[in-house]
Asks: 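Sharing a structure with you now.
Labels below follow one simple rule: chain letters A, B, ... track the order of the sequence lines, proteins then strands, and each chain is numbered from 1. No hydrogens, no waters, no symmetry mates; every other heavy atom, side chains included, goes into these values.
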Amino acid sequence: MIIQLRNPQRTVEMEGPMAVTALLVRLDMPRESVLVIRDGTLVPGDAMLGRDDSIEIRSVISGGAR
Amino acid sequence: MIDVRRHNANFCGEHFLRHCRDQVAKAIRKHQMLQEGDRVLVAVSGGKDSLAVWDILLDLGYEADGLYLGLGIDGYSPESERFARAFAESRGLSLEVVDLPSDYGYDIRSAARASKRVPCSACGLSKRHLFDEAAGRGGYDALATGHNLDDEAAVLFGNVLHWQGEYLGRQQPVLNAGDGFPRKIKPLVRLGEREMAAYCVLSGIDYMVEECPMAVGNKHIGYKEALNSIEERSPGTKHAFYFGFLDRAADLFVPSADDRIAIGACARCGAPTGAEVCAFCHLLERSGGHLPEDAQAVPVKLGRRGPEDL
């Protein structure tokens with residue numbers, strides 16, 4: 001599967017299928033800090049990602065002066 | 001479907017959006033942020049939180065206009081302005097745009113360098129001054145910002161680590177108007193950062209995902225990462241930390257009447273300040289900036305904030 005990451009923008013490829021939670025552990029990303037998006041919709045933590053899926057893992061942490 | 005672990009709940013899209021609106025309505029009601037018919041100015045950055053809070057306030061029936069502040073940050077400001085404008089135009093909303101380089105003759109990078117502040121400090125000072133000024137000039141009842149639970153918990157964490165008593169005394173979801181300052185409200189304090197990003201995705205709100213290049217690696221983000229690491233193991237920690245502080249400790253840090261400084265008007269711009277010249281005008285001077293040509297120093301109404309206003 002193809003994974004698009006943001007902040008900074010980059011793309012990585014990983015073997016599927018894999019559960020969302022397992023993928024985030026592999027990438028060392030806390031679930032609380034990201035959204036997983038497939039085809040414009042949110043993917044829950046227990047969902048399976050297919051080998052041909054293209055997904056975005058979007059960081060939700062913003063900082064600086066607010 | 002989205003999981004919100006601190007509520008031990010999974011929501012479908014429709015119920016999640018309702019959950020967000022309900023949490024904002026509850027925050028407004030519980031903290032007496034707004035009255036029916038109030039006009040609100042929303043501080044808009046083009047990011048998820050400010051666009052979401054604008055969207056929800058409108059949904060709840062409030063009259064809300066936006067103010068976008070262009071910070072002059074290459075590769076970031078033009079893009080974030082585009083998101084703010086697109087949101088406003090798609091909904092037929094009123095958005096005022098103030099641009100630091102063209103209207104005030106400086107940008108955040110030069111201001112940080114000239115004033116020897118970190119960029120986020122120069123940015124925060126500029127935002128506070130210009131949003132306050134715009135809220136007063138426009139006669140708005142309140143100034144709304146997109147601070148969410150994660151923001152407030154991270155700021156609280158930093159202030160506790162360094163025992164910043166003065167800042168702890170001001171860390172409230174609402175600061176009432178007084179001394180020439182507008183009422184400031186944070187309607188998203190009951191919602192986490194991940195919920196706000198999810199709200200935007202599910203509502204079709206296109207927002208600036210990329211982080212400000214000047215904020216990367218700053219202390220505030222480090223505090224958020226630390227709290228998220230704890231939250232991962234113990235959902236609900238951020239909520240308990242922040243709201244526990246409000247319920248049990250915040251009052252301890254509110255300064256007494258004797259400790260409060262008298263507020264007057266800045267000799268240059270008329271903004272409320274405890275000094276002869278306000279911090280923003282000092283920043284302008286050091287950065288080689290200037291007040292807009294049509295700006296007039298209008299003295300603020302003098303007075304002191306009461307204990308309930310801090």
Side-chain angles (χ1 to χ4, degrees), chain A, chain B residues 1-3 5-6 10 13 16 43 45 47-50 71 108 118-128 145-148 150-151 154-155 192-198 201-202 204 208-212 214-225 227-232 235 238:
Chain A
M1 67 186 119
I2 297 172
I3 303 156
Q4 184 192 359
L5 301 162
R6 313 284 288 259
N7 282 323
Q9 185 113 318
R10 61 210 187 275
T11 302
V12 297
E13 286 190 39
M14 294 190 88
E15 286 295 318
M18 190 186 299
V20 167
T21 46
L23 173 64
L24 295 179
V25 169
R26 286 271 296 272
L27 294 171
D28 194 24
M29 289 183 164
R31 178 126 183 80
E32 187 68 17
S33 303
V34 298
L35 288 178
V36 179
I37 301 170
R38 179 174 54 192
D39 298 330
T41 60
L42 301 176
V43 188
D46 56 359
M48 288 300 290
L49 300 168
R51 56 184 304 161
D52 297 325
D53 278 350
S54 182
I55 63 164
E56 175 191 346
I57 300 181
R58 184 180 293 187
S59 169
V60 300
I61 296 186
S62 53
R66 304 297 304 279
Chain B
M1 181 79 82
I2 176 169
D3 57 305
R5 293 179 65 211
R6 80 169 181 284
N10 288 302
F16 177 75
S45 69
K48 64 186 189 310
D49 304 302
S50 60
L71 304 167
I108 293 303
V118 296
C120 294
S121 170
C123 181
L125 170 58
S126 302
K127 283 180 174 175
R128 284 190 297 276
T145 57
H147 293 92
N148 56 49
D150 290 62
D151 293 317
V155 170
E193 197 149 44
R194 187 165 172 269
E195 287 160 275
M196 299 331 302
V201 171
L202 292 168
M208 182 79 174
V209 175
E210 274 63 41
E211 184 52 70
C212 174
M214 302 204 146
V216 173
N218 74 8
K219 273 194 301 189
H220 187 66
I221 290 179
Y223 295 149
K224 283 186 172 182
E225 289 170 347
L227 287 172
N228 278 347
S229 178
I230 299 169
E231 183 85 12
E232 189 87 359
K238 287 182 285 194

Asks: Please check if the number of heavy atoms outside A:R51 that lie under 6.0 Å from its CZ is greater than 12.
Replies: no
Asks: Let me confirm one number: the OG-CD distance from A:S33 to B:E232, rounded to the nearest 0.5 Å.
Replies: 7.5 Å
Asks: Could you list all the salt bridge (charged side-chain N to carboxylate O under 4.0 Å, His left out) pairs where at least one residue sits in residues 15-36 of chain A, not counting sequence neighbours?
Replies: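 Sorted pair list: A:R31-B:D3, A:E32-B:K238.
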Asks: Looking only at heavy atoms, which two atoms of B:A198 and A:L35 are closest? And how far apart?
Replies: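 Heavy atoms only, the tightest pair is N-CD1, 3.5 Å.
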Asks: Of the backbone (N, CA, C, O) and the side chain (C-beta and beyond), which part of B:I108 lies under 4.5 Å from a heavy atom of chain A, both, or neither?
Replies: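 Nothing of B:I108, per the 4.5 Å heavy-atom cut-off to chain A.
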Asks: In chain order, what residues pass the salt bridge (charged side-chain N to carboxylate O under 4.0 Å, His left out) check against B:E231, with sequence neighbours excluded?
Replies: none
Asks: Taking all non-hydrogen atoms of both residues, which atom of A:V60 and which atom of B:A197 are closest, and how far apart?
Replies: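 Scanning both residues, the minimum pair turns out to be CG1-CB, 3.4 Å.
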Asks: Verify the distance criterion only: is there a donor paired with an acceptor across the side chains of B:E193 and A:S62 at less than 3.5 Å?
Replies: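 Yes, because at least one side-chain N or O of B:E193 sits under 3.5 Å from a partner of the opposite role on A:S62.
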Asks: Taking the side chain as every heavy atom from C-beta outward, state whether B:N228 and A:I61 have any pair of such atoms under 4.5 Å apart.
Replies: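 Contact flag for B:N228/A:I61 side chains = yes.
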